[in-house]
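Since the structure comes first, as structure tokens, the remarks are kept for the end.
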Protein chains: 2
Amino acid sequence: MAIDKEINAEQKIIEAAADIFEEKGFEGARMQQIADKAGINKALLHYYFRSKDLLFEKVFLNIASKIFLKFFKSFNIEGSIFENIETFLQLHQDLLYENRKLPIFFFNEITRNPDLIRKLMLKLEVSNSFQLILKQFEKEKRDGIIRHDVEVSHLLVNIISLSVFPYIGRPIIKEIMEEFDLNYDTFLNERRSMIAQFVINSIKV
Amino acid sequence: MAIDKEINAEQKIIEAAADIFEEKGFEGARMQQIADKAGINKALLHYYFRSKDLLFEKVFLNIASKIFLKFFKSFNIEGSIFENIETFLQLHQDLLYENRKLPIFFFNEITRNPDLIRKLMLKLEVSNSFQLILKQFEKEKRDGIIRHDVEVSHLLVNIISLSVFPYIGRPIIKEIMEEFDLNYDTFLNERRSMIAQFVINSIKV
DNA sequence: GTCTATATTGGGATAGAC
DNA sequence: GTCTATCCCAATATAGAC
């Protein structure tokens, strides 16, 4: 038989499940929908993954790992901290733009089931990766590149807040903007350079 | 009969439903749980609200209206823009601290059903209230109090992002902080003054 | 208005043929 | 491995007594 000429059922299921879960969340997703989207039968879902819970966990960790790895990779850049922040934000925005539904899905699921975070952290070195970033920030502070009163953990949360939140608040921001004949996508695009400027203004000495 | 000595069933249902829906979301909530919490029978839920959908819509609009009104009220303050931002952020943080589960609930529900936003906007003057805030910002810009290159709609979204996001990301932030023996509540408290400082540093001329 | 009992359907899961 | 048919429970909703 041909080597992987046809993508196998297991993979088709994972991809279909990812779409449906992201769209509807765990509670809202239906095994039937996933089967339909994967072009296979409902029974096969259980053959491969035993239960909805197990399928979800597999898919969730898959999605989250992929995105976190890309996220962390975007921080490993030479150059000044200001350039780093700008580059990181550009990549971060690309990532978000291509995965608009991911943030609300991710945060909703970990809120309903915090155990997912622990499992994710076992799979990846989440804490360590964050710590590396924080150490980089600390160094810039010691070197007098950024203000001495900047608390690095807050700085990191601030950067993430500024880039992620507009995607979480999408429905209401979009609706309000449209009332004033403004375009939400244009708004997101403006933020690419704006956020970096906002952060840099705030932390430079 | 005594005038409202005992809170009536309808009100008890609304309060119980608010708790359960906030905790579990629309899809995860169970009519039985709501009835139990309200101390009444399941059938009574349908007697008063006809269906889960209708009960949810009522409760959602209730909760959202209350919070938005408080939110907007906190902006109507005399004084300099910098004082305003500080006062607003203090009140906003109080509001969030007392309603920790609300942000993820709110944003998740409007994502799954954007029609809720339209209904909310019909009930309240959401857009107008935001526009008032933006006009205030514009004036400060014209008066040279804040940098001329600050785009006011982004400024508003930035302020909201910085205060709301840490509540949405609570499970993961908390987990990571605990790995480093840091306390999430302390972190939130530090942000009360930190955010205002961060924003002001960024926009002052 | 409030209850008990029951209808009804939706959806996750399994049995068993092929 | 993949399918059809079916089970079975959970959850929304309704009927009808009081």
Side-chain angles (χ1 to χ4, degrees), chain A residues 1-63 105 108-109 112-113 115-116, chain B residues 1-63 105 108-109 112-113 115-116:
Chain A
M1 52 237 157
I3 22 146
D4 275 345
K5 183 161 185 183
E6 287 260 325
I7 192 168
N8 64 15
E10 191 168 358
Q11 194 53 33
K12 276 194 295 189
I13 292 171
I14 287 183
E15 283 168 21
D19 281 357
I20 302 290
F21 280 133
E22 269 188 53
E23 178 82 23
K24 306 284 179 80
F26 174 77
E27 294 281 0
R30 296 291 164 251
M31 295 296 265
Q32 185 62 61
Q33 278 187 297
I34 295 173
D36 291 349
K37 186 144 200 169
I40 50 94
N41 191 277
K42 222 179 18 163
L44 215 51
L45 296 180
H46 290 91
Y47 172 79
Y48 279 110
F49 299 95
R50 189 140 200 97
S51 73
K52 187 184 179 185
D53 286 82
L54 290 174
L55 172 58
F56 177 79
E57 189 173 309
K58 176 95 178 180
V59 165
F60 176 87
L61 292 177
N62 245 2
I63 297 176
F105 165 72
N108 188 50
E109 298 304 336
R112 309 278 170 231
N113 178 10
D115 224 46
L116 291 169
Chain B
M1 53 237 154
I3 23 148
D4 275 346
K5 183 162 187 184
E6 287 260 326
I7 191 168
N8 64 16
E10 191 168 357
Q11 194 54 33
K12 277 195 294 189
I13 292 171
I14 287 182
E15 283 167 23
D19 281 357
I20 302 290
F21 280 134
E22 268 189 51
E23 178 81 24
K24 306 287 180 78
F26 174 77
E27 294 282 359
R30 297 291 164 250
M31 295 296 265
Q32 184 62 60
Q33 278 188 295
I34 295 173
D36 291 348
K37 185 144 202 168
I40 49 94
N41 191 276
K42 225 177 19 162
L44 216 52
L45 296 179
H46 290 91
Y47 172 77
Y48 279 111
F49 300 96
R50 190 141 197 97
S51 74
K52 186 183 179 185
D53 287 82
L54 289 173
L55 172 58
F56 177 79
E57 188 174 310
K58 176 97 176 177
V59 165
F60 176 88
L61 292 177
N62 246 3
I63 297 175
F105 164 73
N108 189 48
E109 298 303 336
R112 309 276 172 232
N113 178 8
D115 224 46
L116 291 169

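Every chain is numbered from 1, with letters handed out A, B, ... down the list of sequences.
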- request: Scan Ala29(A) against the nucleic acid and name what it touches under 4.0 Å (heavy atoms): base, sugar-phosphate only, or nothing.
  value: sugar-phosphate
task: List the atom of Ile7(A), the atom of Glu15(A), and the distance in Å for their closest heavy-atom pair.
output: CD1-OE2, 3.8 Å
- request: Give a yes or no on whether the backbone of Glu23(B) and the side-chain of Arg112(A) come within a donor-acceptor separation of less than 3.5 Å.
  value: yes
- line: Separation of dG10(C) atom P from Asp53(B) atom CG, nearest Å, is 14 Å
message: In this structure, how many angstroms lie between the P atom of dG1(C) and the CD1 atom of Ile13(B), rounded?
response: 11 Å
- request: Could you check how far CD of Gln11(B) sits from P of dG1(C), rounded to whole Å?
  value: 14 Å
- line: Here the distance between atom P of dA10(D) and atom CD of Gln32(B), to the nearest Å, is 12 Å
message: Under 4.0 Å from OP1 or OP2 of dA13(C): is there any side-chain N or O of His46(A) that close?
response: yes
query: Are the side chain of Lys58(B) and the backbone N or O of Ile14(B) linked by a donor-acceptor pair below 3.5 Å?
result: no
statement: Minimal heavy-atom distance between Ile34(A) and Ala16(A), with the atoms involved, is O-CB, 3.7 Å
task: Grab the NZ-P distance between Lys52(B) and dT12(D) for me, whole Å please.
output: 5 Å
query: Rounded to the nearest Å, what distance is computed from the CG atom of residue Leu55(A) to the C1' atom of nucleotide dA13(C)?
result: 13 Å
query: Who are the side chain to side chain donor-acceptor pair (under 3.5 Å) partners of Asp36(B), not counting sequence neighbours?
result: Gln32(B)
Please list each protein N or O that sits under 3.5 Å from an N or O in nucleotides 2-6 of chain D, with the distance.
| unit_1 | atom_1 | unit_2 | atom_2 | d |
| --- | --- | --- | --- | --- |
| dT2(D) | OP2 | Tyr48(A) | OH | 2.7 |
| dC3(D) | OP2 | Asn41(A) | N | 3.1 |
| dT4(D) | OP2 | Asn41(A) | ND2 | 3.1 |

message: Please tell me if Arg30(A) has a side-chain N or O lying less than 4.0 Å from either OP1 or OP2 of dG12(C).
response: yes
- prompt: Should the ring pair Phe56(A) and Phe26(A) be called parallel, tilted or perpendicular, given that the plane angle runs from 0 to 90° and is split at 30 and 60?
  reply: perpendicular
task: Take the protein atom CE of Met31(A) and the nucleotide atom P of dC8(D), then report the distance between them rounded to whole Å.
output: 19 Å
- request: Starting from P on dT14(D), measure out to CG on Leu54(B) and report it in whole angstrom.
  value: 11 Å
task: Report the residues that fulfil side chain to side chain contact (heavy atoms under 4.5 Å, CB included) with Leu61(A), sequence neighbours left out, ordered by chain and then residue number.
output: Glu57(A), Lys119(A), Leu120(A), Lys123(A)
